[in-house]
Asks: 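The structure's right below; bear with me while I get my questions together.
Everything numeric here is computed off the predicted structure, so don't read it as measured data. Letters A, B, ... are given to chains in the order of the sequence lines, protein chains preceding strands, and every chain is numbered from 1.
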Amino acid sequence: MLFCQNRVTGIILDSITKSPLPGATIQNLDLNNIGVTSSFDGIFSIEAVNGNRIQVSYIGYESYSFIAVNTSQKIEIFLEESSFKMDDVVVTALGIAREEKSLGYSVQSVDKEVLSNNTSVNFINKLSGQVAGLNISSTSNGLSSSNRILIRGSSSLTGSDQPLFVIDGLIVNSEPGENFGSQDGGIDYGDPLSTINSDDIESVTVLKGPGATALYGSLGTNGVIVITTKKGTKGENLKVSASSSLITNQAFIFPDFQNVYGRGSKNTFTKYNSQSFGPAYDGSNFINWLENEVPYSPVFNQMESFFRDATTTSHNLQISGGNTKSQFLLSSSIYDAESIMPNSNIIRKTLNLTYSTNISDKLKFNSKISYFNQDAFNRPNLGGSPDNPVRNFYLMPRSVKLSDLTDYISESGRVITWDGKTEGSFNQNPYWGINLNTNEDVRDRIIASLDFNYDVFPWLNAIFRAGWDVISDTREKRIAEYTVYKTSPVATFSHSKSNRSISNLDFILSAQNSWDNFDFSLTTGASRINNSIRSLSSNGDDLANPDLWVINNFKEINSTQGISDKRLNSLFSTLNGSWDNKLYLNLTFRNDWSSVLPKVNRSFSYWSSNLSWIISNSWDNFPKSIDFAKFRLSLAKVGNANSLTTSALFFNYTPSTGHLGQPFTRLPRIGPNSYIKPESTLAYEIGLDLRIFKGRLNIDFSLYQNDSSNQIFTAPVASTTGFQKQWINSGSIRNRGLEIILKSDIVKNSNFRWNLIVNGSINDNKVLVLSEDLPILILGGSRSGISVQARTDFRSDLLVGSKFLKNGSGQYILDEFNLPQIERDENGNSDFILGQVQPDYLIGFINSFDYKNLSFYFSIDSQLGGSIFSSSYASGSAVGTLQHTIDGRKSWINSENARMELGYSQQEWIATGGIPISGVDEDGNQVSGFLEPERYWSRMSGVNEANVFDSSFVRLKEVSISYNFPERYFENLFLESASISLFGSNLAYIVRETKGFSPQSSLSSGKAQGIESFAFPTTRSIGAKILIKI
Amino acid sequence: MAKNSLKHILIPVLIFSCLSCTKDFDEINSPKTGAVTTEPDGLFTAAVQRGSMTWYMYDRLQRYTANQYMQYNTLTGSGSLDHYEPSYGIFSDIWDRSYGDQSWELAPLFYISHTIEVCIDRENPIKEGIARIWKSYLFQRITDLYGDIPYSEAFIKPLPKFDTQESIYIDLIDQINIGKNLLLSNGNYESYGRADLIYNGSIEKWEKFANVLLLRIALRIINVAPELSKEVINSLKSGPYFTSNDDNNKMQWDETSSNIYFRNPILVTEVFNNTRVSERMINFLKENSDPRLIQYAKPARLDGEYRGLKNGMDPNNQSVYDLEYYDRYSRLGEAFVKDDGVTYNIHYAESCFLRAEAALRGLTNEDPEELYNLGIRAAMEMYGINDDVNQIDNYINQPEISYNSIMGLEQIITQKWVALCMNGVEAWIEKRRTGFPIFEELEYSGPINNGQFPRRLTYSASERRLNPQNLQEAIDRMGEDEQTTPVWWDDY
């Protein structure tokens, strides 16, 4: 027998998929720690003698140890995927990848699985409930509506609180939609994020607090959302993946209309009456508003029949390939969605190419170019716009048949609408609105970037990166001749074009070194960001030739040009130090020079210090039941000057159209301030990360406080200064909160896995002070008298409006007609706090189940504690179209009939039926009786308090089920894999308090949220997707 | 090797310094769609156009307020202003839009004050002189409406103090004289030309306007500061004043613009179809067979009669809410609602009546009767009535109309009232000073002021909120912030 060395050979396999794991590390702990790696087939062979301790480790899997036994047999080692990858690498500020355990602040990532099966135009909708402390409030404005994204509450009174978006290291346009939130209507053009194709996204990381974002300096106040896109992978054959989905969208929350009483007032029908307090339906024949004799009977589901089940199709193709030197990925998608509103749709196409190559051993090159094109036709007119069809349904008398309105145009070209008017009416025929008063917008966007990555020395690396994001928008809006609500009968047209671009230039040097147990890395860099906007918008009045909608066909044309440029130069540095895998310290420093600030205040510095202490590595006798414990501490200062424009600094003269050909020179309406400073946020954060039960349960707590001071806003000033408002630098807001992330593999075995993630957060917002002379700042509002305000010592999102006058024991103090009345303060104002817009609590539950090739996923998100005012509900109450207004009508009519029979006057009669009311009179005497429903609801509609709803909800947000066809099916085919999934989103509200509209129906995604005004019904999406890979 | 290391150090240093320099920042941040310097012309154009009251100001200040007080027009539906009840919202609006730039309103007081600054900066004394005269016209109007107002510190301080009306009047006289002197001693400088929508830059006409304005100011304070009043009138000697309707200070409106801020404001507000000519005005015209009747009013839609709607109707009378009821009453006539219409700031007729009053009071040597007749003639001719068939002569020769020195002041002011029709502000101010014309008591008056004739507007709610201390100081001086509180010159 030959002397032969003792060896252990075996194969390393994934415990669930049973597929080999190449590149795993196998170490013999008792033989000088010698180590080998497993081959491509997962096979290894290591020198060992009986009794040696062998350890197998592999990134992303639990380590496995065993005692070597001399045997000629190949042993099989099954590695279990670790639930929580302790060595997880996350992308932090400036695209620097760091181990999660080393971070002194909270970050949370969402991977591509969550983003797949996207049903809405905007991928950001998918993130709701996925990240603790991330509040996404969607609006109910039809397709591609904007979202307001808040991380850890609103930190800016009037400036933007949208987080910064960074795609592959490139800062991109992410300003939320325009300020469409007016009660007079407007159009929601969506935010720039809606152009991004979710299938191209690899992962999304949310940097929440200033500790994480301080490297972005004056851009980092509101948090940063870092998007990493998919890239070609090394050493693979050409891979093709294709997917197609078909989705149907269905409106599902409709107002609860009454179907008992028809058109009229005081139980009497009149032809053109605009209320629904007419007589009860009796089926007899009557002459309607079109002078036709028809049965007097209810018409059901008119609003439901106006909207349609809309179909969305989306197709995506991805080709990737490369060798060890160069890789590429090419993807293309087309997304075609109908709106639930007839005659409205959106088409988006994307093309994306990434290419990376190793020019030499030391020099790598990455490049990427993405092109998006989006064409939206006829986005809905919102809010109080007469062209908003929803408005029509709330107001249209219940006995009017929608089918009588489908012929919307008379022979003379005028509108046929239910109030009989052809001019000077806001009761637009909805079919005229959607067919003649149309709009269209086209958005082209190119994002391009390239970077060179050079390893100067083994310890020194340099990156040079350049990128551009260019958005070009063209928008057109037509209002047809003889539109019923226009003050003049001529057609109007607006055509506007805007180009927004951001260019980034970065140069970053990183060095690293280590001594004994100390590891250091220092990254330092410089960047320049240029922002530019060019726009031209033209309005035309009065068509010269009929139906030719180009601007030069209009008799009167007005144009406005916009030009704006900004530049931000920065130097930054970050130092990371770690000691023995126990303590990690991260210091960052950044200095910004911003062109939007006045010369004296141009230069500002920001910093952060973040500490991570791995408690579980710090003591040898740390309890074994806790696998991992980490304590985080972070202190940082960041800024915000993003919303500033040159008009804030300079006293500007603007030319404008003048009188009889003599131009006017206009003075600014807002007083400039040449000493303005950026807003700044000082932030504290502590956190604890615990992993127990062999990594089966992970609990993460964060506690934070962000004090944002030097608020930049325009404060109202006395008109005798000449200005409406004045730019000031004052006030501070505090946001405090707690975030809890719970992740658990509740069941986990080789066949079945149930993973649960719970994200919970609480945020408390408080305005510490506005300014010395200004206790209240109005941020927005509507004509119904409701407003959103910031008040010193209260919050910055207060819903303020009129409320009922009540006595100490909560009884109504009734007026002379026994009606509840509005409370007024000593100045006659009725501005009382009725609620807050933003919720206190956000909770998301994410469940995923895997059983063999089948996986099932569902998520629930919920918000608690916010309020929403509904002007639709108020309007529907006033005109009597809503179900709740029928209470007491019958008994009131009986009472009135009895009165008239007996010949009593109103004053003499004590009503025997109607809406029961009790309260006290002005002198405090108890009063009770019955009220006429029509009067009662008319009063109720005018008191804001009666129309404020709790906007809390629990929603079944997503459900999906997918099946991966077993590989054996494809053995003789060219396919590599295939899967099919069925999914639904926004499926149902399990709990909601709003009546007839969804709790997420804010008119605006701006500051004045919490106001609903004839919102589109929310939509439920159900779809199927097929994905194949070659 | 050393060379290589140097390269490694130099490149980053170069890049860093390049990326952090701020050399171009001033250029990047310079305003691109607005100018930081300007010529006065565009500001002056805006100040005269808005100062002549575009539709919104006309609607609030004239149609709703002064024209109802002065019984030129009545609004259907019987609102509170017609019962001498305050409308705080409207009074605030008038203040806020005169001083501060609100939406389309281009606050005339702000614009004219700024025009003067730009003129000084641009060293053009002619333009400066005209601007000072127009500014005085506008500030006299606003102080006559409210009493003490921010004047010396307006547009300068963040919380402007309120000046007394007396000190404002003294300064207005100075300002007009400074303006006149600048016009008369700087012949070489360029005037506004077409940017002056009123006089096309004519120095001569602005001088005449300055004199008429001084005369107006002098008579306004005749009861409270007779010495100053006389001094001003003596300094004027014989003007020159306006010599014909060609000298009228008026605004020509744009008949083609689709922007209602450029259209005839009376015509714009007429589309609401809720204005009727007052009964008092129509009856006065009818009683004296005034040829202006058919100019001032249209025949009623119902029966073709000229019939005026009574001011101060009882709102409990149900018919005031019946729209068809108003078909019995005359809407405004051609004199006011023409597409290419004009509105008058100060016209020739007014200047004649001012001179007639000064003569009547013995302050000048002119003949009051002659000026009174001249004023009536000018007022008729202004609306295209000529004397071909002696209709003006016949009118003047009626016993009720023909000048009578005992009734002189009442006759002069009453004729001025007819001539100022639809410019209720000036007529209201003159009624507060003189008590003329005499109106009957209202049929219904609201509980707040019990039918007492309004003597001023109350201050703006936003000024009260945002400049409270200075406003309170002014109220403490004046009495109460009520519409019954008389202003300084009002000792009637």
Asks: Could you label the plane-to-plane angle of the A:His659 and B:Phe262 rings as parallel, tilted or perpendicular, counting under 30° as parallel and over 60° as perpendicular?
Replies: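 Rings of A:His659 and B:Phe262: tilted, as their planes differ by 30° to 60°.
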Asks: Output, in order, the C-alpha distance, side-chain angles, deciding distance and verdict of side-chain contact (heavy atoms from CB on, under 4.5 Å) for B:Leu466 and A:Val717.
Replies: CA-CA 6 Å; B:Leu466 298 161; A:Val717 286; 5.5 Å; no
Asks: Looking only at heavy atoms, which two atoms of A:Ala718 and B:Asn467 are closest? And how far apart?
Replies: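 Smallest heavy-atom distance, with atoms named: CB-CB, 4.0 Å.
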Asks: Run the ring-ring contact (aromatic ring centres under 6.0 Å, His included) test on A:Phe664 and B:Tyr111 for me, step by step, so that the C-alpha distance in whole Å, both residues' side-chain angles and the decisive distance to 0.1 Å come before the verdict.
Replies: CA-CA 10 Å; A:Phe664 288 172; B:Tyr111 275 64; 8.0 Å; no
Asks: Is the shortest side-chain heavy-atom distance between A:Pro663 and B:Thr45 below 4.5 Å?
Replies: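 No, every pair of side-chain atoms sits at 4.5 Å or beyond.
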Asks: Would you call the rings of B:His114 and A:Tyr653 parallel, tilted or perpendicular, taking 30° and 60° as the class edges?
Replies: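 B:His114 vs A:Tyr653 ring planes: tilted.
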Asks: Out of curiosity, B:Asn29 CG to A:Arg567 CZ, how far, rounded to the nearest 0.5 Å?
Replies: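 Separation between the atoms: 11.5 Å.
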Asks: Write down the atom of A:Thr720, the atom of B:Pro150, and the distance for their closest heavy-atom approach.
Replies: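 Shortest heavy-atom separation between A:Thr720 and B:Pro150 comes out as CG2-CG, 3.4 Å.
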Asks: May I have the step-by-step check of side-chain contact (heavy atoms from CB on, under 4.5 Å) for B:Phe25 and A:Asn569, ending in yes or no?
Replies: CA-CA 10 Å; B:Phe25 275 24; A:Asn569 288 344; 3.7 Å; yes
Asks: Quick one: pull up CG in B:Leu106 and CZ in A:Arg666 and give me the separation to the nearest 0.5 Å.
Replies: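 B:Leu106 CG to A:Arg666 CZ: 4.5 Å, rounded to 0.5 Å.
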Asks: Picking from B:Arg464, B:Gln252, B:Arg465, which has the most non-hydrogen pairs under 4.5 angstrom with chain A?
Replies: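 Ranked by heavy-atom pairs under 4.5 Å with chain A, first place is B:Gln252.
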Asks: Give a yes or no on this: more than 12 heavy atoms of other residues, nucleotides or ligands lie within 6.0 Å of atom CD of A:Glu556.
Replies: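 Enclosed.
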Asks: Might you point out which heavy atoms bring A:Thr665 and B:Thr38 nearest each other, and give the distance in Å?
Replies: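 Residues A:Thr665 and B:Thr38, closest heavy atoms: CG2-OG1, 3.7 Å.
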Asks: Which atoms of B:Val48 come close to chain A, meaning under 4.5 Å heavy atom to heavy atom: side chain ones, backbone ones, both, or neither?
Replies: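 For B:Val48, there is no contact with chain A at all, as no heavy atom is under 4.5 Å.
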Asks: Where on B:Ala195 is there a heavy atom nearer than 4.5 Å to chain A: the side chain, the backbone, both, or neither?
Replies: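 Both backbone and side chain.
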Asks: Testing the basics here: between B:Asp26 and A:Lys599, what is the closest heavy-atom pair and its distance to 0.1 Å?
Replies: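 Here B:Asp26 and A:Lys599 meet closest at OD2-NZ, 3.1 Å.
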Asks: Identify which part of A:Gln561 has an atom lying under 4.5 Å from any heavy atom of chain B, answering side chain, backbone, both or neither.
Replies: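 The backbone, not the side chain.
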Asks: Side chain, backbone, both or neither: which part of B:Ser98 has an atom under 4.5 Å from a heavy atom of chain A?
Replies: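 Nothing of B:Ser98, per the 4.5 Å heavy-atom cut-off to chain A.
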Asks: Is any side-chain heavy atom of B:Phe110 closer than 4.5 Å to a side-chain heavy atom of A:Leu667?
Replies: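 Answer yes - side chains close enough.
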Asks: So which part of A:Leu649 gets closer than 4.5 Å to some heavy atom of chain B, the side chain, the backbone, both or neither?
Replies: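 The side chain, not the backbone.
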Asks: What residue in B:Ser30, B:Ala154, B:Pro31 has the most heavy-atom pairs under 4.5 Å with chain A?
Replies: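 Maximum pair count with chain A is reached by B:Pro31.
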Asks: Contact part of A:Ser594 toward chain B, heavy-atom cut-off under 4.5 Å: side chain, backbone, both or neither?
Replies: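 For A:Ser594, the backbone is the part near chain B, not the side chain.
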Asks: For residues A:Thr721 and B:Lys157, report the shortest heavy-atom separation together with the two atoms involved.
Replies: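 Minimum heavy-atom separation between A:Thr721 and B:Lys157: CG2-O, 3.8 Å.
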Asks: Looking at B:Leu109, B:Asp96, B:Asp41, which has the largest count of heavy-atom pairs under 4.5 Å with chain A?
Replies: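 Looking at each of B:Leu109, B:Asp96, B:Asp41 in turn, B:Asp96 comes out on top.
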Asks: Nearest heavy-atom pair of A:Ser719 and B:Phe155: which atoms, and what distance?
Replies: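 Answer, listing the atom of A:Ser719 first, then B:Phe155: O-CE2, 4.4 Å.
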Asks: Between the main-chain N or O of B:Ile28 and the side-chain N or O of A:Asp565, is there a donor-acceptor pair closer than 3.5 Å?
Replies: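 Checking the backbone N and O of B:Ile28 against the side chain of A:Asp565, no donor-acceptor pair under 3.5 Å is found.
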Asks: Which atoms of A:Phe651 are under 4.5 Å from chain B, going by heavy atoms: the side chain, the backbone, both sets, or neither?
Replies: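 For A:Phe651, heavy atoms of backbone and side chain both lie under 4.5 Å from chain B.
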Asks: Could you look at B:Ser113 and say if it's the side chain, the backbone, both or neither that has a heavy atom under 4.5 Å from chain A?
Replies: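 Neither the backbone nor the side chain of B:Ser113 comes within 4.5 Å of chain A.
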Asks: Got a sec: does the CZ of B:Arg122 have more than 12 other heavy atoms crowding it under 6.0 Å?
Replies: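 Result for CZ/B:Arg122: enclosed.
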Asks: For chain A, which candidate among B:Gly42, B:Ala47, B:Ser460 shows the most heavy-atom pairs at distances under 4.5 Å?
Replies: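 So the answer, after comparing B:Gly42, B:Ala47, B:Ser460, is B:Gly42.
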Asks: Mark yes when over 12 heavy atoms from residues, nucleotides or ligands other than B:Phe272 sit less than 6.0 Å from its CZ; otherwise mark no.
Replies: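 Counting other residues, nucleotides and ligands, CZ of B:Phe272 exceeds 12 neighbours.
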Asks: Is it the case that over 12 heavy atoms from other parts of the model lie below 6.0 angstrom from the NZ atom of A:Lys486?
Replies: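 Buried by this count: over 12 neighbours within 6.0 Å.
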